[in-house]
Amino acid sequence: MDARDPLAHFRERFFFPKTTDGTDSLYLCGHSLGLQPKSVHSYLEQALDDWATFGVEGHFHAKNPWMPYHRMLTQQTADMVGAEPAEVVVMNSLTVNLHLMMTSFYRPTTQRHKVVIERGAFPSDQYAVKSQILFHGFDPATSLLELTPRDGESCLRDEDIELLVEREGESIALIMLGGVNYATGQVFDMPGITKAGQRKGCIVGIDLAHAAGNLPLELHDWGPDFAVWCSYKYLNGGPGCVAGCFVHERHARAWELPRFAGWWGHDEKTRFQMGPEFYPMPGAEGWQLSNPPILALAALRASMEIFAEARIERLRAKSTSLTGYMEFLLSQTSSPKFSIITPSEQNRRGAQLSIRLARDGRKTCQKLVSEGVIGDWREPDTYRVAAVPLYNSYQDVYRFVQRFVAALR
Ligand SMILES: Cc1ncc(COP(=O)(O)O)c(C=O)c1O
């Protein structure tokens, strides 16, 4: 399979962390932090050289001038999430963008004040949502609706999400779900949930932290009001790299929406007149606050160029096959010591498999790390691994399962 893989050569374009004996580790952690593209160095060097050469004039005279630098990422970002260019912007970090979006789109009233999230959503999302509810003078005890799997099940059923929206819809202000749940790796029916929510007049936002660069997305057509994501997981932008944000076209000129403003969101035609009144740019760019961090954008550009070459549809095809292979090999061992909680249907999962370990899970994970097998551990009982199609091989998957089974023993 590796010999026939048309994407196999992309592996050479990434640095793999080394084990103590100097060999490449088995890296299956792209769902947490993607590997560094080797080309990042030259992108950063260019930005550093431009700064050294031009100082402040780099805004206009750098090889890629800094003033419009963030736009170099617009088309590729739009392609990555299935959006129109005016619907996306690269800015801030994920939780910041989540707050900025909720500031505009979570407008609770006494009739309609609830927010739907997954129980056990990523903590930052839970904190952000709860703090927004409190900020508006409501109480999470009555305004937070948490979706819970049925008894004995680990994942949510799409029909249960839609039933809840149908039942509670009139009191729901915002449905705020992950596109892919971080703990289980479950992919939600994003278009279906969006439709169900909007039928009931709810705003729909999606956290794509675990979906961007993992799955082909069609945000414009699916129609959520907004989406946010980080770029350090599957997008390989580097630790803490600049995040992404999508605002649907129908809100591009919704000047009446309240928003937290900063000068970089101001209409670029008059931004440097330094006037006191804020006139936002149309589209997602109107939510920018600050002039962007060029060094981080440079690293992200290196990675997005690779994605543009590899193409997300081809990556998804390989990903489906790699993850299926991992699931197949694990199922051959039929050990009572672990079970896979990620859905087995291909369209309900991305690259990640979440493995529930009956006991000593953390120890097993640490033992594997000490042997150069890098996945990660999420309390209380979940070991997460992802075979990332840009840089993982079928052989990686095979070797991982051998090591995993040996570690369990
Ligand atoms: C689903 C989800 N939401 C939010 C975050 C927090 O991201 P940040 O620290 O970039 O704001 C993460 C980070 O892993 C995440 O996976």
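We count ligands from 1, going down the list as the structure has it; atoms in each ligand are counted the same way. Keep in mind that the numbers below use all heavy atoms, side chains included, and drop hydrogens, waters and symmetry copies. This is a predicted model, so every value here is computed, not measured. Here, residue 1 is the first one in the sequence, and each next residue gets the next number.
Between E285 and R71 there is a salt bridge, since a side-chain N of the basic residue sits under 4.0 Å from a carboxylate O of the acidic one. Between E379 and R362 a salt bridge is recorded (basic side-chain N to carboxylate O distance below 4.0 Å).
The main-chain N or O of G223 is found under 3.5 Å from a side-chain atom of Q198 such that the two form a donor-acceptor pair.
Partners of E45 under the salt bridge (Lys or Arg N to Asp or Glu O under 4.0 Å) rule, at least two apart in sequence or in another chain, do not exist in this structure. In this view, R316 satisfies the salt bridge (Lys or Arg N to Asp or Glu O under 4.0 Å) rule with no residue, not counting sequence neighbours.
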Ligand 1: protein N/O within less than 3.5 Å of ligand N/O:
unit_1   : atom_1 : unit_2 : atom_2 : d
ligand 1 : 3 (N)  : D125   : OD1    : 2.6
ligand 1 : 3 (N)  : D207   : OD2    : 3.0
ligand 1 : 7 (O)  : Y232   : OH     : 3.0
ligand 1 : 10 (O) : Y232   : OH     : 2.7
ligand 1 : 11 (O) : T95    : N      : 2.9
ligand 1 : 11 (O) : T95    : OG1    : 2.5
ligand 1 : 14 (O) : K233   : NZ     : 2.8
ligand 1 : 16 (O) : H210   : NE2    : 2.8

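Note on residues 324-350: pairs passing salt bridge (Lys or Arg N to Asp or Glu O under 4.0 Å), not counting sequence neighbours, are E327-R349, E345-R348.
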